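The structure appears right after this line, and notes come after that.
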Amino acid sequence: MEKVLDIVAEATNGKCYTSFRYCADDEIRVPTLDFDSKDKAVSVVVKEFGETDTNLNTSKSLKPFADKIINNEPLFHFFLDGSRRTYKVDDIEINRNIYPILAGQIGVACCQRKDPSQFKCAEFDNSLVLSLPKGANPDGGDADLFFNALTSKINKTPRIEKAQVKFSKILSYDSKKQSSSQIISYDSKSHGKDVKYEHLGIATIQDEMIETEKRIVAHLATKNLINPDRYLIKDGSLQYAPAKSSNFKELSKFKSHYKCVIGVSKMFDPELCKDMNNKSNADKIASLPIYHRTPAYKYKSERVGNVCFAVWYVRIRKSEHTFSPFSGVVKIEKILITEEEIENGLDSQEIDLITANIINERNPVCYGTDARWANHLYPVYLTESFIKSKYLSDINFLNLF
């Protein structure tokens with residue numbers, strides 16, 4: 001029975017080595033995609049207020065407001081999460097260079113809560129992808145045409161058909177010649193970091209997941225399903241890299257889609273949060289009283305481009321019940337859309353409304369089923385669990401090759 005890797009080797013004029021296959025997620029980190037990396041160059045703090053209340057210098061309790069609105073219609077109706085598992089499935093020789101062949105399972109889901117008893121999947125997209133070096137295109141012709149044809153050929157193999165799965169596309173990563181240290185520079189703007197081929201391959205899979213997230217948000221926004229009364233929570237940061245073809249028109253469209261979307265991060269680097277004097281705010285986040293939020297800070301990320309964010313932190317669990325000072329604290333981001341928001345920051349009343357609703361989302365918890373329980377919002381946790389339930393097992397996926 002013809003194997004997927006045999007087809008890849010034949011089509012690319014390459015030679016596969018039957019290398020050890022493994023799930024790469026724990027072995028390889030992707031610094032270009034780790035938004036809360038300790039690399040200070042990833043995010044830059046602009047020394048301006050991120051909200052209209054410029055007198056707020058200390059933390060602020062939102063418990064009274066949260067209690068006041070607890071019986072109102074919740075602000076958040078949609079919960080979005082994206083996930084991917086990546087694998088190194090082999091090494092391949094192309095033009096006397098050795099490149100890794102990466103593969104991935106991508107899942108993006110948006111669940112909708114219509115009422116307390118109805119929590120259903122509103123949008124779901126899962127796909128299988130391969131990532132090969134650009135040099136795998138032997139004639140240097142139209143890359144899309146070549147990789148699409150190769151994808152079709154792979155999907156017609158008996159092993160893939162028998163498994164009743166399909167690869168949606170083959171992605172490609174930069175295949176510039178490696179240095180003697182087997183490390184290459186990602187690009188001139190990578191803040192001096194060097195990235196291996198494995199990282200480049202995984203980055204293409206991560207980017208594909210992010211583009212899927214954007215498509216789902218755009219679809220919901222276009223249908224006016226997310227609006228000022230029905231916000232969407234995206235699990236993680238909103239600091240997306242701009243699309244390669246981005247321009248002012250595309251940026252405006254992107255911002256309009258995210259008008260009623262916030263990003264909530266369970267994990268963050270508190271050292272990136274600085275006060276107006278550019279000093280670390282980590283101690284203030286660690287000592288946040290329960291149900292208090294910090295002032296909102298204005299961020300402008302170098303990797304995102306011409307997009308500003310309001311970023312603030314809120315404690316939703318008591319620190320004495322958690323294992324670290326930052327457990328129980330979540331980071332909230334919102335893109336500043338209008339010129340007025342960019343100039344003056346996000347309306348403090350909107351920040352209070354968002355924060356109070358986050359506090360009211362803190363129960364129930366997933367205690368005992370996830371070590372990050374203190375930072376989870378349960379609807380987001382359910383969405384994440386739903387996506388992971390749709391994955392092929394690692395053994396089944398690796399046996400496709």
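No hydrogens, no waters, no symmetry mates; every other heavy atom, side chains included, goes into these values. Positions are given from 1 along the sequence. These figures come from a predicted structure and were not determined experimentally.
The stretch residues 111-132 participates, sequence neighbours left out, in these salt bridge (charged side-chain N to carboxylate O under 4.0 Å, His left out) pairs: Arg113-Glu361.
For the pair Asp352 and Arg293, the salt-bridge criterion is met [side-chain N within less than 4.0 Å of a carboxylate O]. Ionic pairing of Glu213 and Arg215 is not present here: no N-O contact between side-chain nitrogen and carboxylate oxygen is shorter than 4.0 angstrom.
The number of heavy-atom neighbours closer than 6.0 Å to NZ of Lys255, taken from other residues, nucleotides and ligands shown, is above 12. Atom CD of Gln118 has more than 12 heavy atoms from other residues, nucleotides or ligands within 6.0 Å. By the 6.0 Å contact criterion, CD on Glu161 is enclosed, its count of non-hydrogen atoms from other residues, nucleotides or ligands being greater than 12. Around OH of Tyr17, the count of heavy atoms belonging to other residues, nucleotides or ligands within 6.0 Å exceeds 12. With a 6.0 Å radius and a threshold of 12 heavy atoms from other residues, nucleotides or ligands, Glu320 has its CD atom above the threshold.
One distance of note links NZ of Lys3 with CZ of Arg159; it measures 6.0 Å at 0.5 Å rounding.
Residues Pro228 and Leu75 come closest through the heavy atom pair O-CD1, 3.6 Å. Among all heavy-atom pairs drawn from Ile290 and Lys318, the shortest one is CD1-N, 3.4 Å. Closest approach of Asn95 to Gly135, counting heavy atoms only: ND2-O, 4.4 Å. Heavy atoms only, all atoms of each residue included: Thr151 and Phe147 are closest at OG1-O, 2.7 Å. Across all their heavy atoms, Ala103 and Leu130 have their closest contact at CB-CD2, 3.8 Å. Smallest separation of non-hydrogen atoms from Ile226 and His257: CD1-O, 3.9 Å.
Side-chain contact check for Val108 versus Leu80: some heavy-atom pair is nearer than 4.5 Å. In this structure, Leu128 and Lys166 have side chains that are not in contact, with every pair of non-hydrogen atoms separated by 4.5 Å or more. Using a 4.5 Å heavy-atom threshold, the side chains of Leu353 and Asn357 count as touching.
Taking the six-membered ring for Trp and the full ring otherwise, the centers of Phe309 and Tyr297 sit at least 6.0 Å from each other.
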Return a table of donor-acceptor pairs under 3.5 angstrom between the side chains of residues 371-378 and protein atoms on other chains or two or more places apart.
from	atom 1	to	atom 2	distance (Å)
Arg372	NE	Asp370	OD1	3.0
Arg372	NH2	Asp370	OD2	2.9
Arg372	NH2	Glu384	OE2	2.7
Asn375	OD1	Gly328	N	2.9
Asn375	ND2	Lys266	O	3.0
Asn375	ND2	Val329	O	2.7
His376	NE2	Asp370	OD2	3.2

Only distances under 3.5 Å count here; give the side-chain donor-acceptor pairs of residues 394-401 to other protein atoms, sequence neighbours excluded, each with its distance to 0.1 Å.
from	atom 1	to	atom 2	distance (Å)
Asp394	OD1	Tyr87	OH	2.7
Asn396	ND2	Ser393	OG	3.3
Asn399	ND2	Ile395	O	3.3

*Take Tyr291 and Thr355, measure what side-chain hydrogen bond (donor to acceptor under 3.5 Å, both in side chains) needs, and give me the verdict at the end.*
CA-CA 9 Å; Tyr291 311 132; Thr355 309; over 6 Å; no
_Candidate pair Glu73 and Arg230, rule salt bridge (charged side-chain N to carboxylate O under 4.0 Å, His left out), full reasoning_ = CA-CA 9 Å; Glu73 181 83 2; Arg230 295 168 176 263; 5.2 Å; no
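Scanning for ring-ring contact (aromatic ring centres under 6.0 Å, His included) contacts around Phe326 gives an empty result, with sequence neighbours left out. Taking Arg315 as the reference, nothing meets the salt bridge (Lys or Arg N to Asp or Glu O under 4.0 Å) condition, with sequence neighbours excluded. Taking the side chain to side chain donor-acceptor pair (under 3.5 Å) definition, one finds that Lys63 meets it with Asp67, sequence neighbours left out.
Remark: the backbone N or O of Lys153 is not paired with any side-chain donor or acceptor of Thr157 at under 3.5 angstrom. Side-chain N or O atoms of Lys334 include none that pairs as donor or acceptor with a backbone N or O of Glu350 at under 3.5 Å. Between the side chain of Asp144 and the main chain of Asn148, no donor-acceptor pair closer than 3.5 Å is present. A donor-acceptor pair under 3.5 Å links the side-chain atoms of Asn227 to the main chain of Asn224, judged by distance alone. When atom types are taken as modelled, the side chain of Asn13 and the backbone of Pro138 share no donor-acceptor pair closer than 3.5 angstrom.
The aromatic rings of Phe119 and Phe79 sit tilted, their planes meeting at an angle between 30° and 60°.
Using modelled atom types, one finds a donor on one side chain and an acceptor on the other under 3.5 Å when comparing Tyr381 with Thr369. No side-chain donor-acceptor contact under 3.5 Å links Ser237 and Ser265. Looking only at atom types and distance, the side chain of Asp91 has a donor-acceptor partner in the side chain of Ser19 under 3.5 Å away. A donor-acceptor pair shorter than 3.5 Å cannot be found between the side chains of Ser59 and Tyr313. There is no side-chain donor-acceptor pair under 3.5 Å between Thr322 and Ser319. Checking Arg84 against Gln206 by side-chain atom types alone, a donor-acceptor pair falls below 3.5 Å.
For the pair Lys134 and Tyr173, the cation does not sit on the ring face, since its NZ or CZ is not both under 6.0 Å from the ring centre and inside 45° of the axis.
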